[in-house]
Amino acid sequence: DYMFYDCDVLQNIILPNNLLSISERAFSLCSALTDVKIPNSIKEIKEYAFADSDKLATIAIEGNGSTTLGSNIFKNCDALTSAIIGDGVIEIGDRLFDTCSSLEEVTFGDNILIIPQAIFDYCNSLKKITIGNGVKTIAYAIAYHWDAKDIEVYISDLKAWCNIDC
């Protein structure tokens with residue numbers, strides 16, 4: 001835990017292809033961090049792993065088919081504008097993007113079953129959410145304190161999501 005916590009000179013991270021886990025607060029408060037390459041080998045990213053890294057602009061996590069993401073991983077990442085949570089991710093924690101004030105677009109892959117509560121709390125710039133085919137539940141109050149307007153929500157296969165059989 002806390003491996004590079006509050007490291008203000010770390011700008012880019014290329015994680016090794018055999019890495020399985022990113023520990024709690026491993027890269028929290030890395031104020032210069034702009035770019036992270038997360039390998040598909042990752043099985044788990046723990047709570048607050050990148051929280052308060054306020055220059056991190058985009059993130060893509062493909063996962064390996066059993067990847068889980070803890071809560072508050074990107075909390076207060078003020079420069080984060082887009083996120084892709086790929087098909088290899090199966091579970092995401094609540095408040096994943098809490099207070100990401102610049103977040104505009106999020107895509108969830110097909111193997112996530114639940115969009116948890118407060119995942120977009122204080123994400124007032126959010127304009128587009130794409131939900132994969134696997135989502136069965138969207139929790140109540142996914143966005144407390146939310147002032148976003150004119151948001152677009154795309155469901156990959158509405159017929160399947162609504163369990164409509166024609």
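The basis for the numbers below is simple: all heavy atoms, side chains too, and nothing from hydrogens, waters or symmetry mates. Computed from a prediction, not measured in an experiment: that's the story for all the values here.
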Going hydrophobic residue to hydrophobic residue with side-chain gaps under 4.5 angstrom, can you get from [X] over to [Y]?
X: Ile84; Y: Ile112; result: no
X: Leu29; Y: Phe97; result: no
X: Ile142; Y: Val89; result: yes
X: Ile13; Y: Tyr2; result: no
X: Phe74; Y: Tyr48; result: no

Does the side chain of [Y] come within less than 4.5 Å of [X]'s, by heavy atoms?
X: Leu33; Y: Phe50; answer: yes
X: Phe108; Y: Ile129; answer: yes
X: Leu113; Y: Ile90; answer: no
X: Ile59; Y: Ile38; answer: yes
X: Ile22; Y: Leu15; answer: yes
X: Val135; Y: Ile114; answer: no
X: Ser31; Y: Asp8; answer: yes
X: Asn72; Y: Glu47; answer: no

Taking [X] for its side chain and [Y] for its backbone only, find out whether a donor-acceptor pair lies under 3.5 Å.
X: Thr67; Y: Ile42; result: yes
X: Ser101; Y: Ser125; result: no
X: Asn111; Y: Asp87; result: yes
X: Thr81; Y: Ala57; result: yes
X: Thr68; Y: Glu44; result: no
X: Ser28; Y: Asp52; result: no
X: Ser102; Y: Leu80; result: no
X: Asp54; Y: Asp78; result: no

Between the side chains of Asn40 and Asn64, does any donor sit under 3.5 Å from an acceptor?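 Absent: no donor and acceptor within the cut-off.
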[atom1]/[X] to [atom2]/[Y] distance, rounded to the nearest 0.5 angstrom?
X: Lys127; Y: Ser82; atom1: NZ; atom2: OG; answer: 12.5 Å
X: Cys100; Y: Tyr122; atom1: SG; atom2: OH; answer: 13.5 Å
X: Ile45; Y: Leu69; atom1: CD1; atom2: CG; answer: 5.0 Å
X: Met3; Y: Asp1; atom1: CE; atom2: CG; answer: 9.0 Å
X: Asp35; Y: Leu10; atom1: CG; atom2: CG; answer: 10.5 Å
X: Leu96; Y: Ile115; atom1: CG; atom2: CD1; answer: 9.5 Å

Answer yes or no on whether Arg25 is positioned over the face of Tyr5, meaning its NZ or CZ is under 6.0 Å from the six-membered ring centre and within 45° of the axis.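 So Arg25 doesn't make the cation-pi contact.
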Can you see which heavy atom on [X] is nearest to which on [Y], and at what distance?
X: Glu24; Y: Lys46; value: N-CB, 3.5 Å
X: Ser23; Y: Ala49; value: O-CB, 3.9 Å
X: Gly93; Y: Pro116; value: O-CG, 3.4 Å
X: Pro39; Y: Pro16; value: CG-O, 3.2 Å
X: Ser41; Y: Asn18; value: OG-C, 3.7 Å
X: Asp121; Y: Arg95; value: OD2-NH1, 2.8 Å

Report the C-alpha separation of Val106 and Thr130 in whole Å, then their side-chain angles, then the decisive distance to 0.1 Å, and conclude whether the side chain to side chain contact (heavy atoms under 4.5 Å, CB included) test is met. CA-CA 6 Å; Val106 177; Thr130 302; over 6 Å; no
Asn12, CG atom: more than 12 neighbouring heavy atoms under 6.0 Å: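 Correct, the count exceeds 12.
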